[in-house]
Student: 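My questions will all concern the structure given below.
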Amino acid sequence: MRLSRRPSIFLAGAVLVAGVTISGAPANAADPAGPAPGAGDLVHDIDRILSDPRLTTAQAGVVVRSARTGEDLYMREPGKLFIPASNTKLVTSAAAVETLGLDYRFTTSVLSTAKPGRTIEGDIVLKGTGDPTMLASDYDALAAQVARSGVKEVRGRLVADDTWFDDVRLGADWTWDDEPYYYAGQISALTASPDTDYDAGSVIVSVDPGSAPGRPAKVTTTPPTDYLKIVNRAVTGTTTDAGITRDHGTNTVVVTGTVADRYEDWISVWGPTLYAAGLFRKSLAEHGVRVLGPTVRGAAPTGASLLAGRESMPLSRLLVPFLKLSNNMHAEILTKAMGRKVSNQGTWAAGLAVTSAFAQNNGISTVRLRDGSGLSRIDGLTPAGLASLLVNLRDKPWFPTWYEALPVAGRRGRFVGGTLSSRMAGTPAAGNVHAKTGSLTGVSALSGYVSSADGEPLVFSIISNGYLSPSVKDLEDKIVVRLAQFTRSAPVDGAPAPQVSPPINGDKECSWLKPARC
């Protein structure tokens, strides 16, 4: 996760296959007429990079294609199905923009089942459509709107309406031991995020030293909530070696270890609908609105009147935290939103059908999707398919906005370089490469765009599966830096392999770290 963990997913479950499998081309397949001028040494250099012993027992697929001519400059296992990890988000994000539009906004509404007035003789309904950007302050603003309308008392219930999506909260193939952490948060049409990274359905748990060594540590949450039960076993010490986790299937958070300075973790909640409703109910009380009945889940009745409402930022802006930070929950929420729009079903199955159809219509002949984020190890994409998608997306009218939302190599800042902030800095790839990273245990991927030394636009897809070493991301970086150095007119036979610094955080994506340490 963004502090110290990352997904480790087991292979399990059934698969959804869209498309017809194509046969893979041989490694380094080239035009029968021979390589283009300057391309022969490129093939040689990439082969040399991929001969690294870390890949001896692994599988690596690489495709490099000219976006201008369509020429394949390098191919290794182009048609083989690989676990893509977060490269899946390339497909999901593009399908979402195509289906929903850059101006798409989520809405959150407060409705009344009775005539509004100082006293409501019925229920008050909080209805969501999946907005991952809702903060505690936004629920407070909704409560303030209700209070300004003159309402002082609700004699009925607070109904939390999350029926825009179905009740399936977790992806079919997500591993159970990731479930307590923000990157595998539960998906609901009514949810809340703790900060402007918008990790929907999670809470920041902070541990600070207590009054003296050996005394209990102090535990707080952002936002403040009594939805979690904190079991504090941590004590004040001279070093910080703390752990924070949530018991599976509960909202009991256990804090252990020692703390000498602040330690934080982002913990998912069990049941985000009632968590969000709890934040709203607390804000109603703070604004002088009493709700006499209990909080329950249910659907708003037809004809309920609007008391307050909020629209999210447009999808054009949401793409930035989604892609720069590789936000899994955004991918899944958008997947269900696509299903809701196209077939009126806010389900994974309906949304993935939309994404798969989009992929097939935009160059991906083989696609196997089980989620929108790439957390599933059943997901499958080919390097050739991703390269084709990247080329085809350049013709979309919304491409410039989507392209700018991708992480940028070697550019500092969570919302600029994103997951590539600390990679390829000081090389010809820095500020040049816009690409999507991907990481699971034994899986690494990097696919995107780079301009050659001649200014030729290239697309590339690099996916490694099954390696045993801590990281192969430096190999990806070497390939991409070499592409930034590529020139058709001046072969560089015998040039040394590009030099890149090893990733600061190993296999952990830079922007996963909280607080940012890259």
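One is the number of the first residue; the rest follow in order along the sequence. Scope of the values below: all heavy atoms of this structure, side chains included, with no hydrogens, waters or symmetry mates.
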Student: Hey, does the Lys NZ or Arg CZ of K396 hover above the aromatic six-ring of W402, less than 6.0 Å from the centre and inside 45° of the axis?
Tutor: no

Student: Supply the atom-to-atom distance S312 OG to F106 CZ, rounded to the nearest 0.5 angstrom.
Tutor: 6.0 Å

Student: Would you say the side-chain atoms of S193 pair up with the backbone N or O of P132, donor to acceptor, closer than 3.5 Å?
Tutor: yes

Student: Side-chain contact test, heavy atoms from C-beta onward, threshold under 4.5 Å: evaluate it for N362 versus V91 and give yes or no.
Tutor: no

Student: Kindly give the heavy-atom pair with the smallest separation between A484 and A429, and that separation in Å.
Tutor: CB-N, 3.9 Å

Student: Do S188 and R169 have side-chain heavy atoms sitting under 4.5 Å apart?
Tutor: yes

Student: Side chains of H330 and P321, heavy atoms from C-beta outward: is any pair under 4.5 Å?
Tutor: yes

Student: Using 0.5 Å steps for rounding, measure from the CD atom of E332 to the CH2 atom of W174.
Tutor: 4.5 Å

Student: So, do H434 and Y449 have ring centers that fall under 6.0 Å from each other?
Tutor: no

Student: Tell me, with the steps shown, if K436 and T88 meet side chain to side chain contact (heavy atoms under 4.5 Å, CB included).
Tutor: CA-CA 9 Å; K436 186 69 198 72; T88 304; over 6 Å; no

Student: Test side chain to side chain donor-acceptor pair (under 3.5 Å) on T175 and D177; report intermediate values, then the result.
Tutor: CA-CA 6 Å; T175 187; D177 58 340; 2.9 Å; yes

Student: Of the non-hydrogen atoms in D371 and S376, which two are nearest, and what is the gap between them?
Tutor: OD2-N, 2.9 Å

Student: Do T99 and V342 have side chains that approach each other closer than 4.5 Å (heavy atoms only, starting at C-beta)?
Tutor: yes

Student: Could you check whether any side-chain N or O of K324 sits under 3.5 Å from a backbone N or O of V416, counting only pairs where one atom can act as donor and the other as acceptor?
Tutor: yes

Student: Between D197 and W266, do the side chains contain an N or O donor and an N or O acceptor separated by less than 3.5 Å?
Tutor: no

Student: Give the intermediate values and the outcome of side chain to side chain contact (heavy atoms under 4.5 Å, CB included) for residues D199 and N327.
Tutor: CA-CA 7 Å; D199 298 309; N327 192 302; 3.2 Å; yes

Student: CG/D379 to CG/D173 distance, rounded to the nearest 0.5 angstrom?
Tutor: 7.5 Å

Student: Are S268 and R246 linked by a side-chain donor-acceptor pair shorter than 3.5 Å?
Tutor: yes

Student: Within the side chain of S326, is there an N or O that forms a donor-acceptor pair under 3.5 Å with the backbone of F322?
Tutor: no

Student: Working to the nearest 0.5 angstrom, can you tell me the gap between L483 CG and I462 CD1?
Tutor: 6.5 Å

Student: Give a yes or no on whether a salt bridge exists between R488 and D454, defined as a side-chain N under 4.0 angstrom from a carboxylate O.
Tutor: no

Student: State the CZ-CG distance between F399 and L390, to the nearest 0.5 angstrom.
Tutor: 8.0 Å

Student: Donor-acceptor check, side chain of S469 to backbone of R54, threshold 3.5 angstrom: yes or no?
Tutor: no

Student: So, do D265 and Y181 sit near enough that their side-chain heavy atoms are less than 4.5 Å apart?
Tutor: yes

Student: Kindly indicate whether the side chain of R423, heavy atoms from C-beta on, has any atom under 4.5 Å from the side chain of P407.
Tutor: no

Student: Donor-acceptor pair, distance only, cut-off 3.5 Å: does the side chain of N465 make one with the backbone of Q59?
Tutor: no

Student: Passes side chain to side chain contact (heavy atoms under 4.5 Å, CB included), Y74 versus D47? Steps please.
Tutor: CA-CA 9 Å; Y74 187 93; D47 278 343; 2.5 Å; yes

Student: Should R482 and D477 count as an ion pair when the cut-off is N to O under 4.0 Å?
Tutor: no

Student: Can you find a side-chain donor-acceptor pair between S447 and N87 that sits under 3.5 Å?
Tutor: yes

Student: Quick check: does any side chain N or O of D72 sit under 3.5 Å from a backbone N or O of R65, one acting as donor and the other as acceptor?
Tutor: no

Student: Can a donor-acceptor pair be found between the side chains of K89 and S86 at a distance below 3.5 Å?
Tutor: yes

Student: Side chain to side chain donor-acceptor pair (under 3.5 Å) for S365 and Q360? Distances and angles first, verdict last.
Tutor: CA-CA 6 Å; S365 300; Q360 291 179 291; over 6 Å; no

Student: Any idea which heavy atoms bring A331 and G372 closest together, and the distance?
Tutor: CB-O, 3.4 Å

Student: Hey, does the side chain of S451 reach the backbone of G455 with a donor-acceptor pair shorter than 3.5 angstrom?
Tutor: no

Student: Could you give the distance from CD1 (I49) to CD1 (I479), rounded to the nearest 0.5 Å?
Tutor: 5.5 Å

Student: If we count only N and O atoms by modelled type, under 3.5 Å, do the side chains of T437 and K473 hold a donor and an acceptor together?
Tutor: no

Student: Ignoring hydrogens and angles, tell me if any N or O in the side chain of S356 forms a donor-acceptor pair with the backbone of A353 under 3.5 Å.
Tutor: no

Student: Identify the two heavy atoms, one from L315 and one from A96, that lie closest to each other, and give their separation to 0.1 Å.
Tutor: CD2-O, 3.8 Å

Student: Under 3.5 Å, is there a donor on one side chain and an acceptor on the other for E71 and S66?
Tutor: no

Student: Is there side-chain contact between F460 and V480, with at least one heavy-atom pair below 4.5 Å?
Tutor: yes

Student: Can you see which heavy atom on I244 is nearest to which on V253, and at what distance?
Tutor: CG2-CG1, 3.7 Å

Student: What's the verdict on side chain to side chain contact (heavy atoms under 4.5 Å, CB included) for L102 and V97, showing C-alpha distance, side-chain angles and the deciding distance?
Tutor: CA-CA 6 Å; L102 288 174; V97 175; 3.6 Å; yes

Student: What pairs with Y198 under ring-ring contact (aromatic ring centres under 6.0 Å, His included), at least two apart in sequence or on another chain?
Tutor: none

Student: When you compare the side chains of D241 and T258, does any donor N or O come within less than 3.5 Å of an acceptor on the partner?
Tutor: no

Student: Could you report the tightest heavy-atom contact between V391 and A67, atom names first, then the distance?
Tutor: CG2-CA, 4.3 Å

Student: Is the closest side-chain heavy-atom distance between D131 and T191 below 4.5 Å?
Tutor: no

